[in-house]
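Heads up: numbering here begins at 1 and tracks the sequence.
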Amino acid sequence: IPLTLAIFAGCSGPEEKRANSLNQAAQQRVTGDETAALRTLETLAQAYPNDPEILQEIGEIHHELGNHPEAAFYLSAAYALAPSDVELLYQTYHAQENANQSAAAYDLLEALVAVEPDAINAELWLRLGEFRTQAQQTQPALDAYLRGVDPENSIPSPETAVAIGTLFKQLDNRAQAERWLNIAANSDDPNALPALFGLLDIHLRNKNWTAAETAITQLDKQFPGAVD
């Protein structure tokens, strides 16, 4: 019996210690002592270096403390150990964005779209459109942008309108390109400049000289010297 009890004690001891340390860190976070909670969890991580829950907790505290590179590091490590955790994937994506790790953030956002497309809001669709544009994925970028706008109920920002219009122009869909570029061109936003130049190019390609002259006049008025 003593031998059996010793065996059980040996088996349950580490898990009990882990649970107690996690509870202690949670209480320290509740009282606002994130630094103490971080020390508790870092000590625990030495005993459990491949525990995604511990790594995630450490990453969350670094996020709360504004340590964005550290948050991205620990949350990425946690996600690598628990790739089916969608909530952790979402957290890791935002951590990489906050740490200005665009390449990693792009991969994570694509992974999020693959596993949970309905969880992607308009802001994230637009961000994905930016990522795909930078990767020169024209049609996928356009698809993402169009998922992030609702032109029937709201006017997209000039920046978004220019991005969509430019993508349509690259796909040689001049009618749609003109429609979206006009949204930005008819604004006081700096994005009106590339929009007007895009429209001018379309009008010249279409040999619509009157519309081209109108675009040049508008350029001279809003952005003196730009045409020169």
Requested in this report: Carefully, step by step, assess Asp201 and Lys169 under the rule salt bridge (Lys or Arg N to Asp or Glu O under 4.0 Å).
Outcome: CA-CA 10 Å; Asp201 182 53; Lys169 186 169 172 285; 2.8 Å; yes
Requested in this report: May I have the step-by-step check of side-chain contact (heavy atoms from CB on, under 4.5 Å) for Leu167 and Trp180, ending in yes or no?
Outcome: CA-CA 10 Å; Leu167 290 168; Trp180 287 93; over 6 Å; no
Report task. Please lay out, stage by stage, how His68 and Asn100 fare under the test side-chain contact (heavy atoms from CB on, under 4.5 Å). Result -> CA-CA 9 Å; His68 299 307; Asn100 295 318; over 6 Å; no
**Report entry** Step-by-step side-chain contact (heavy atoms from CB on, under 4.5 Å) determination, Tyr48 to Leu55
**Finding:** CA-CA 9 Å; Tyr48 299 90; Leu55 295 172; over 6 Å; no
**Report entry** CA sep, side-chain torsions, deciding dist, call: Gln91, Leu88, side-chain contact (heavy atoms from CB on, under 4.5 Å)
**Finding:** CA-CA 5 Å; Gln91 280 185 303; Leu88 179 55; 4.0 Å; yes
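For the residue pair Glu42/Gln46, the side-chain donor-acceptor check at 3.5 Å is not satisfied. Ser157 and Thr160 are linked by a side-chain donor-acceptor pair at a separation below 3.5 angstrom, with hydrogens and angles left out of the test. Glu70 and Tyr74 form no side-chain donor-acceptor contact under 3.5 Å, judged by distance and modelled atom types alone. Neither side chain, Asn20 nor Asn23, offers a donor N or O lying under 3.5 Å from an acceptor on the other. Side-chain contact annotation: Glu34 with Gln28, donor-acceptor N/O pair under 3.5 Å absent. Under the 3.5 Å distance criterion, with hydrogens and angles disregarded, no donor-acceptor pair is assigned to the side chains of Asn208 and His203.
You'll find the side chain of Leu128 stays beyond 4.5 Å of the side chain of Tyr145, heavy atoms only. Here the side chains of Glu60 and Glu57 are in contact, with some heavy-atom distance below 4.5 Å. Between Leu89 and Asp85 there is no side-chain heavy-atom pair separated by less than 4.5 Å. Ile183 is not listed as a side-chain neighbour of Pro158, based on a closest heavy-atom distance of 4.5 Å or more. Leu126 has its side chain within reach of Val149: a pair of non-hydrogen atoms, C-beta onward, lies under 4.5 Å apart. For the pair Thr217 and Lys221, the minimum side-chain heavy-atom distance is 4.5 Å or more. Between Gln56 and Tyr79, every side-chain heavy-atom pair lies at or beyond the 4.5 Å cut-off. Pro151 is listed as a side-chain neighbour of Arg179, based on a closest heavy-atom distance under 4.5 Å.
Atom-to-atom distance recorded for Arg147:CZ and Leu142:CG is 12.5 Å, nearest 0.5 angstrom. To the nearest 0.5 angstrom, Ile155 atom CD1 is 12.0 Å from Asp150 atom CG. Taking CG of Asn173 as the start and CZ of Phe168 as the end, the distance is 5.5 Å to the nearest 0.5 Å.
Here the closest non-hydrogen pair linking Ala177 and Gly165 is CB-O, 3.4 Å. The heavy-atom pair separating Leu181 from Thr166 by the smallest distance is CD2-N, 4.2 Å. Considering all non-hydrogen atoms of both residues, His63 and Asn98 come closest at CE1-ND2, 3.7 Å. Considering all non-hydrogen atoms of both residues, Ala122 and Gly148 come closest at CB-O, 3.6 Å. For Ala99 against Ala72, the heavy-atom pair with the smallest separation is CB-CB, 4.0 Å.
Cation-pi contact between Arg127 and Phe131: present, with separation from the ring centre below 6.0 Å and deviation from the ring axis of at most 45°.
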